[in-house]
Enquirer: 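Starting off with a structure, shown below.
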Protein chains: 2
Amino acid sequence: MTYNFSSGPAMMPIEVMQGAHREFLDYAGSGMSVMELNHRSVLFNEIVEEAKTDLKDLLKIPDNYRILFLQGGASLQFAAVPMNLMRHRKAGFIMTGHWTKRAFEEAQMYGEAVKLASSEDRNYTYIPDCNNLSITDDLDYVHICENNTIYGTRFIELPDTMGKDVVSDMSSCILSEPIDVSKYGLIFAGAQKNMGPAGATIVIVREDLVRDDVMPGTPSVMKYKNQLESNSRFNTPPCYSIYMCGKVFKWIKKIGGLSAMKELNQKKAKMIYEYLDESRMFHGTVDREFRSMANATFTTGNINSDMEFVEESKKAGFVGLKGHRFVGGLRASLYNAIPVEHVEALVKYMKEYESVRMRGAI
Amino acid sequence: MTYNFSSGPAMMPIEVMQGAHREFLDYAGSGMSVMELNHRSVLFNEIVEEAKTDLKDLLKIPDNYRILFLQGGASLQFAAVPMNLMRHRKAGFIMTGHWTKRAFEEAQMYGEAVKLASSEDRNYTYIPDCNNLSITDDLDYVHICENNTIYGTRFIELPDTMGKDVVSDMSSCILSEPIDVSKYGLIFAGAQKNMGPAGATIVIVREDLVRDDVMPGTPSVMKYKNQLESNSRFNTPPCYSIYMCGKVFKWIKKIGGLSAMKELNQKKAKMIYEYLDESRMFHGTVDREFRSMANATFTTGNINSDMEFVEESKKAGFVGLKGHRFVGGLRASLYNAIPVEHVEALVKYMKEYESVRMRGAI
């Protein structure tokens, strides 16, 4: 048995994988795999339209927002967002870890990037206070990373941006719970954590932000307007990843939508954090208040013991428990697809592991 | 029975699809799908390394060239190439159709794009003479599209660029026959025609062209140096598409490499072109000398008859025979994966179709 707690690419829902496996060689009686469908064919068009409709349903996306299926990952959006949205060449950033740093540095190539708040002082183990930000009128938007995959923190409420559009990197938390899309200007997310296989990137953007006057030198493929006008097919899209995302959307709907998803995710997170709080061997690494529902970061407090746990747990079938190379320690990613039983198995294993080691230590 | 002659995404080799189907849910006994493997895992690293080695073997890529697996399609390369290579802000273009026009227009955003030759006068039905091009010393490179998917032409020899680096868009002909990579500065190709599912883009570049001084504003993901230094994992790559490309590389090796592939491709092209030359109903649309081995374009000479053929042939299982929306007419794409028997079936069907219609016309 394999328990995949990878931070992404990550485990996919078992039911989705089984369904995709069944129709892998022959999709909808076409005699072709989805991989072999022309991106302008009727069949593939249906796949895109259904995926859009299902995503819209799940997130209750208002009518004045548009959905784009793109390529390049969140990292390419770090450039695409300023290229498309930074009209006054100035944007604000809430610095909560590696990925906001990357987005901040990328934006500096295109204009002025302003740090509005930061939790760098305590190695990003909390979310900074965002109630009295120095929002100036010339800011085009405020960028946040809503869930910090590496550090294991998440925003528990959106920052007060005084009316400025929030741009949110939701790569590791999209579709994990209901959100109010109307509070955002733009949401982007790489597919490979909570939606589908790596290769697709989803952008949800309020339509008035999709404009013609992008920055000079914006690659045509990265111009939202081009992609919107061609229904995400300005050029050949990552068809198979989009198809798999669509299957995941249907799976979430079947489970009961985002409220049901949230309940399951809370349950999983509670299981692991409760154990971490009582453990004498492992402890969580971030402020409790800001603990991520998707990425539980923890440590024994000792590098060697952490590595030993990674190696030992591998033998028992646990994959992906090593913390990100930038922070070390341990991490269990608890995305939508991870069954409750897998988290139960992990907690059980950790308890036994602790019990054996602690006896040994006495 | 389905006969998929799509221009891309296109048919995949049957054997490759069957192999991928077998290991879809459990790759190499890992208990995980390739889609679920972390991109920095040992298993996925092996997939990338093997794909690189096999591609290097197949194309006999010299040691001073590097292979990158990227995202965004050939269209994103239309921007990435000038951003990385246009140091003197000037590049030459051989205009042979829609895709060179797109590349030309994109390059104009970053510097001076010079038309060195064009076949626009006869709607791109031939490859212009490239022996006495006005190559100036300040040109950074010369861009060509080696096989023109839409029009159905291909270069039969490389242009004389007087020592300037050739940048070749090989999306629809890569791996269809042996080439001498050392004659190129950079080759790029979207995967979705001759390699694998849409989503991966392959760049083969001479290492001295991979430099730090790219154009200001080049997105970090698009900077070749970043991708080279991180072994195509500057950010999460399109893992599953890369894996499928790797399987296709192994399949070509098993068949006998690119010489064997070329023989099969020539055989398929000969079958269809010989029939077109003798047909009273259908005729090829480009100059014989420059006929593409990958995309056979033809027409009845009448829009309605062309459309009727598309509709009728569909009923017999033939998919993707409609010409590109920009040129109309008919097209059969004969990429590596298309079995000889499928082309036989197409020619047989066309002969019967012609025979019935011609009888009706008398």
Side-chain angles (χ1 to χ4, degrees), chain A residues 1-2 4 6-12 17-18 20-21 24-25 30-33 35-41 44 71-76 78-80 102 105-106 109-110 190 192 196-200 215-222 234-241 244 317 319-320 325, chain B residues 1-2 4 6-12 17-18 20-21 24-25 30-33 35-41 44 71-76 78-80 102 105-106 109-110 190 192 196-200 215-222 234-241 244 317 319-320 325:
Chain A
M1 185 65 194
T2 302
N4 185 358
S6 248
S7 59
M11 188 183 180
M12 295 276 296
M17 291 305 290
Q18 287 170 340
H21 184 237
F24 189 79
L25 296 173
S30 67
M32 298 178 279
S33 172
M35 289 180 200
E36 301 173 309
L37 297 179
N38 192 279
H39 59 299
R40 304 196 189 278
S41 63
F44 185 70
Q71 292 187 69
S75 294
L76 195 59
F78 295 165
R102 281 273 296 275
E105 287 167 356
E106 198 82 358
M109 296 203 295
Y110 309 104
Q192 71 273 11
M215 227 165 258
T218 303
S220 307
V221 172
M222 291 169 71
F234 182 75
N235 63 332
T236 313
C239 303
Y240 200 76
S241 298
M244 289 297 286
V319 175
R325 60 207 158 101
Chain B
M1 184 67 194
T2 302
N4 184 356
S6 249
S7 58
M11 188 182 179
M12 295 277 295
M17 290 304 291
Q18 288 170 340
H21 184 235
F24 189 80
L25 295 173
S30 66
M32 297 178 278
S33 171
M35 289 178 200
E36 300 173 310
L37 297 179
N38 192 279
H39 58 298
R40 305 197 189 276
S41 63
F44 185 71
Q71 291 187 70
S75 295
L76 194 59
F78 295 164
R102 283 273 297 273
E105 286 167 357
E106 197 81 0
M109 295 201 298
Y110 309 104
Q192 71 274 13
M215 226 163 258
T218 302
S220 307
V221 172
M222 292 169 71
F234 182 74
N235 62 332
T236 313
C239 302
Y240 201 76
S241 298
M244 289 298 285
V319 175
R325 60 205 158 101

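By convention in this document, chain letters (A, B, ...) are assigned in the order of the sequence lines, proteins followed by strands, and residues within each chain are numbered from 1.
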Enquirer: Examine whether an atom of A:Phe234 lies under 4.5 Å from a heavy atom of chain B, and if so say whether it belongs to the side chain, the backbone or both; otherwise answer neither.
Expert: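 Looking at A:Phe234, backbone and side chain both touch chain B.
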Enquirer: Using non-hydrogen atoms only, which part of B:Leu76 is less than 4.5 Å away from chain A: side chain, backbone, both, or neither?
Expert: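 Both parts, heavy atoms under 4.5 Å.
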Enquirer: I'd like to know if the side chain of B:Ser6 pairs up with that of A:Glu36 as donor and acceptor (distance under 3.5 Å, no hydrogens or angles considered).
Expert: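 Side chains of B:Ser6 and A:Glu36: no pair found under 3.5 Å.
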Enquirer: Which atom names give the shortest non-hydrogen contact between A:Met109 and B:Thr218, and what distance separates them?
Expert: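 Heavy atoms only, the tightest pair is CE-O, 3.1 Å.
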Enquirer: Among A:Met215, A:Arg102, A:Met244, which residue has the highest count of heavy-atom pairs closer than 4.5 Å to chain B?
Expert: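 Heavy-atom pairs under 4.5 Å are most numerous for A:Arg102.
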Enquirer: Find the one option among A:Ala10, A:Pro197, A:Ala80, A:Cys239 whose heavy-atom pairs under 4.5 Å with chain B are most numerous.
Expert: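 Of A:Ala10, A:Pro197, A:Ala80, A:Cys239, A:Ala10 has the most heavy-atom pairs under 4.5 Å with chain B.
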Enquirer: Check whether any side-chain heavy atom of B:Gln192 sits under 4.5 Å from a side-chain heavy atom of A:His39, and report yes or no.
Expert: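 SC-SC contact between B:Gln192 and A:His39 ruled out.
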Enquirer: With a 3.5 Å distance limit and no angle check, can you tell me whether A:Thr2 reaches the backbone of B:Met32 through a side-chain donor-acceptor pair?
Expert: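 Side chain of A:Thr2 to backbone of B:Met32, a donor-acceptor pair under 3.5 Å: no, none is there.
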Enquirer: Which atoms of A:Ala198 come close to chain B, meaning under 4.5 Å heavy atom to heavy atom: side chain ones, backbone ones, both, or neither?
Expert: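 It is both, since atoms from each part get that close.
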Enquirer: Which bit of A:Pro216 comes within less than 4.5 Å of chain B, counting heavy atoms only: side chain, backbone, both or neither?
Expert: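 Contact with chain B: none, neither part.
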Enquirer: For each of B:Pro237, B:Gly217, B:Pro238, tally heavy-atom pairs with chain A at distances under 4.5 Å, and name the one with the top tally.
Expert: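 Answer, by heavy-atom pair count under 4.5 Å with chain A: B:Gly217.
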Enquirer: Can you tell me which portion of B:Ser75 sits under 4.5 Å from chain A's heavy atoms? Options are side chain, backbone, both or neither.
Expert: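 It is both, since atoms from each part get that close.
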Enquirer: What residue, out of A:Gly72, A:Gly190, A:Ser41, A:Gly31, has the most heavy-atom pairs lying under 4.5 Å from chain B?
Expert: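 Greatest number of close heavy-atom pairs with chain B: A:Gly72.
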Enquirer: Mind checking what makes ring-ring contact (aromatic ring centres under 6.0 Å, His included) contact with A:Phe24, not counting sequence neighbours?
Expert: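 Applying ring-ring contact (aromatic ring centres under 6.0 Å, His included) to A:Phe24 gives B:His21, B:Phe24.
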Enquirer: For B:Gly199 versus A:Gln71, what's the shortest heavy-atom pair and its separation?
Expert: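 Heavy-atom minimum between the residues: O-OE1, 3.3 Å.
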Enquirer: Just to verify, what does B:Ser7 make a side chain to side chain donor-acceptor pair (under 3.5 Å) with, not counting sequence neighbours?
Expert: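 For B:Ser7 the side chain to side chain donor-acceptor pair (under 3.5 Å) partners, ignoring immediate neighbours, are B:Arg331.
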Enquirer: Identify the two heavy atoms, one from B:Pro219 and one from A:Glu106, that lie closest to each other, and give their separation to 0.1 Å.
Expert: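 The answer is CA-OE2, 3.2 Å.
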Enquirer: Can you tell me which of B:Phe78, B:Tyr240, B:Phe44, B:Tyr110 forms the most heavy-atom pairs within a distance under 4.5 Å of chain A?
Expert: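 The candidate making the most pairs under 4.5 Å is B:Tyr110.
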Enquirer: What part of A:Ser220 gets closer than 4.5 Å to chain B, counting heavy atoms only: side chain, backbone, both or neither?
Expert: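 Answer is both: backbone and side chain atoms of A:Ser220 are under 4.5 Å from chain B.
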Enquirer: Which answer fits A:Met222, side chain, backbone, both or neither, if we ask what part of it has an atom under 4.5 Å from a heavy atom of chain B?
Expert: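 Only the side chain of A:Met222 comes within 4.5 Å of chain B.
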Enquirer: Taking side chain as C-beta onward, heavy atoms only, is A:Met35 less than 4.5 Å from B:Pro9?
Expert: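 They are not in contact (no side-chain heavy atoms under 4.5 Å apart), so the answer is no.
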Enquirer: So which residue, B:Leu37, B:Val319, B:Asn38, ends up with the most heavy-atom pairs under 4.5 Å with chain A?
Expert: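 Going by pairs under 4.5 Å, I would pick B:Asn38.
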